[in-house]
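Read through the structure below, which is laid out as structure tokens, and then see the notes.
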Amino acid sequence: MLQLNYIRENTQEVIDRLAVKNFKAVDIIANVLNLDTQRRDAQKLLDANLAEANNLAKEIGMLFKSGKQAEANVLKERTAELKNQAKDLSEKHDQIETELNLLLVQIPNLPHSSVPLGKSAEHNQNIHQEGTIPAEGSKPIPHWDLCAKYNIIDFELGNKITGAGFPVYKGKGARLQRALINFFLDNATSQGYLEIQPPLMVNEASGYGTGQLPDKEGQMYHATVDNLYLIPTAEVPVTNIYRDVILNEKDFPVKNTAYSACFRREAGSYGKDVRGLNRLHQFDKVEIVQIQHPDKSYETLEEMKEYVASILRKLELPFRILRLCGGDMSFTSALTYDFEVYSAAQKMWLEVSSVSNFESYQANRMKLRFKDKEGKTKLAHTLNGSALALPRIVAALLENNQTEDGIVIPQALVAYTGFNIID
RNA sequence: GGAGAGAUGGCCGAGUUGGUCGAAGGCGCACGCCUGGAAAGUGUGUAAACGUCACAAGCGUUUCAUGGGUUCGAAUCCCAUUCUCUCCGCCA
């Protein structure tokens, strides 16, 4: 969430910048500031009350020690009075604070100054494109048919044992998954990322820390008996490693990578573009996470962007990079680059990675801080990106690399698959 | 799942007949002295949040797992919850 101080001191700027995200902030900000004033007033009264009570308690203690019971009892009457008041004051204070927080979590992160205006995906800025898009006129087979043809991914079998969106990978299909995961992890660790193997289930506090809770609750699978959530991305457990942590400045940058299965209910996204591997309930992904000094986070974002591009290049996939417009960005992001690969048979761009700088938005929510040179505690910046999500990479590899003899594996992957063709 | 023990500051660890306890001591860390330089030695400092305020100092409030209760006053007493450890059961 945004820092209250910042809203208080830069009110108009906050409202203007939120407008880029098409968020009408005037009313909610006014409410926040109003509650903020109320909360501080309430705290002043409560603090004064408690201070008096504390002093009286000390005096009473002294009187008891010197045997002046009667005098002590007189003071006790006053403390009883204070106690009653304190209860009311504290209830009022807590109530205001709860209300305030409820509003604060509804305010999205401020977009970076480079974020283009726009309402939806069509207004995203295409900032880079490379690789060869297969010529029009060719009639490539879509990946779901290729999966059946070579018997590598079985959607029907997944339907039988679990349900839609839970495919079964077989033979070279399974091996390809394993190869990609290892390929991605090896690339990341060679760039200085520490490999993490996180839990696939998280508790409520973690879900709240990265912003899935309370509002996106319906997107996660919930094991109600134990009140645990299946992770929608490794970002959740990995970033939460640093919840309530105060780092030293010399710890920067913190670089973590993690492979995990990801689980998403995808409630509400039926019908369009969900065929085959395009949208699954369970899929594999390697995630990269960095925690950085606020002064360097945008440098780091560019570095992460270049890193993701380098992997796609190694896989020889045509891709483009988009700078997301205000309307298409996530709630918590300040600047996001999306990576899309071209899928030859579907003749469309598929999102395979999203690299974002959250600045201090997540850090504020989960109290991830660092001590700067003067010894002051400040919020760190968090960044993350997919590097990469497997299903759509697989879809593009299958469709783009199909030949009469089979699916050709890109050279960089052969060492991992152990074969150079799926036939 | 059953029985028992326990949860204190970055770490270890005192404190549990309730009263200057945000909390002894040690380690670690930071700075200084010592040294040709370092180690050793030595001195000082070393939690966070919120409020007041200049995002200074100072002052006030809160925090000894979490939430509630008893009391003028609780790390210290009571209740609930969570977690950890030991033993038993079950088990990849």
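Sequence lines set the chain letters: A, B, ... in the order given, protein chains first and strands last, and positions in each chain run from 1.
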Quiz: residues 388-396 of chain A side-chain donor-acceptor pairs under 3.5 angstrom, not counting sequence neighbours:
unit_1	atom_1	unit_2	atom_2	d
A/R392	NE	A/N278	O	2.8
A/R392	NH1	A/E351	O	2.8
A/R392	NH2	A/N278	O	2.8

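- The interatomic distance linking A/N73 (CG) with B/G73 (P) rounds to 14 Å, in whole Å.
- The neighbour count for A/Q106 CD, taken as heavy atoms of other residues, nucleotides or ligands under 6.0 Å away, is above 12.
- A straight line from CD of A/E97 to P of B/G51 spans 10 Å, rounded to a whole angstrom.
- Partners of A/A334 according to the side chain to side chain contact (heavy atoms under 4.5 Å, CB included) rule, which considers only residues two or more places apart in sequence or in another chain, are A/N109, A/Y298, A/E359.
- Comparing B/A38 with B/A30, their P atoms are spaced 14 Å from each other, to the whole Å.
- The interatomic distance linking A/E204 (CD) with B/U82 (P) rounds to 13 Å, in whole Å.
- Shown for residues 74-89 of chain A: residues whose heavy atoms fall under 4.0 angstrom of RNA chain B, namely A/K76, A/T79, A/K83.
- Comparing the C1' positions of B/C83 and B/G15 gives an interatomic distance of 23 Å, to the nearest angstrom.
- When the P atom is used for both B/A74 and B/A65, the distance is 15 Å, rounded to whole Å.
- Within the 4.0 angstrom heavy-atom criterion, only backbone atoms of the sugar-phosphate kind lie near A/K371; the bases stay farther away.
- Straight-line distance between the P atoms of B/G45 and B/C59: roughly 16 Å, to the nearest whole Å.
- Checked against salt bridge (charged side-chain N to carboxylate O under 4.0 Å, His left out), A/D41 has the following partners two or more places apart in sequence or in another chain: A/K44.
- Checked against salt bridge (charged side-chain N to carboxylate O under 4.0 Å, His left out), A/R17 has the following partners two or more places apart in sequence or in another chain: A/E13.
- A cation-pi arrangement is present between A/R365 and A/Y208 under the rule of less than 6.0 angstrom and at most 45 degrees off the ring axis.
- A/L100 places its CG atom 11 Å from the P atom of B/G51, with the value rounded to the nearest Å.
- To the nearest whole angstrom, the two C1' atoms, one in B/U62 and one in B/G9, are 16 Å apart.
- Here B/C50 presents its C1' atom at 12 Å from CG of A/N101, a figure rounded to the nearest Å.
- The backbone N or O of A/G207 lies less than 3.5 Å from no partner atom in the side chain of A/N240, so there is not a single donor-acceptor pair.
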Protein-nucleotides 15-21 of chain B N/O pairs under 3.5 Å:
unit_1	atom_1	unit_2	atom_2	d
B/G19	N2	A/A57	O	2.9

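- B/G43 and B/G26 have their P atoms separated by 10 Å, given to the nearest Å.
- Across the protein-nucleic acid pair, A/F370 atom CZ and B/G10 atom P stand 18 Å apart, rounded to whole Å.
- Protein atom CG of A/D94 is 12 Å distant from nucleotide atom C1' of B/C50, rounded to whole Å.
- Between A/F370 and A/F252, the gap from one ring centroid to the other is short of 6.0 Å.
- The salt bridge (charged side-chain N to carboxylate O under 4.0 Å, His left out) test applied to A/E302 returns A/K305, not counting sequence neighbours.
- A search for side chain to side chain contact (heavy atoms under 4.5 Å, CB included) contacts involving A/Q191 returns A/Y193, A/Y307, not counting sequence neighbours.
- Looking only at atom types and distance, the side chain of A/N357 has a donor-acceptor partner in the side chain of A/S297 under 3.5 Å away.
- By the side chain to side chain contact (heavy atoms under 4.5 Å, CB included) test, A/N54 is found to be paired with no residue, residues two or more places apart in sequence or in another chain being considered.
- With respect to A/D244 and A/K367, no salt bridge is recorded, no charged nitrogen being found less than 4.0 Å from a carboxylate O.
- Counting only Watson-Crick and G-U wobble pairs whose two distances sit under 3.5 Å, RNA chain B takes part in these stems of three or more pairs: B:1-7 with B:82-88, B:10-12 with B:25-27, B:28-33 with B:41-46, B:47-52 with B:58-63, B:65-69 with B:77-81.
- For A/D154, the salt bridge (charged side-chain N to carboxylate O under 4.0 Å, His left out) criterion is met by A/K170, not counting sequence neighbours.
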Residue pair A/I7, A/I29: steps toward the side-chain contact (heavy atoms from CB on, under 4.5 Å) verdict:
CA-CA 8 Å; A/I7 298 177; A/I29 296 288; 4.0 Å; yes

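- The P atoms of B/C11 and B/G89 are separated by 35 Å, rounded to the nearest whole Å.
- Nucleotides B/C31 and B/U16 place their C1' atoms 38 Å apart, quoted to the nearest Å.
- The distance between atom CE of A/M366 and atom C1' of B/A49, rounded to the nearest whole Å, is 18 Å.
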What string of B, S and - do you get for nucleotides 52-67 of chain B, 5' to 3', if B is base contact, S is sugar-phosphate-only contact and - is no contact with any protein heavy atom under 4.0 Å?
S--S----BSS-----

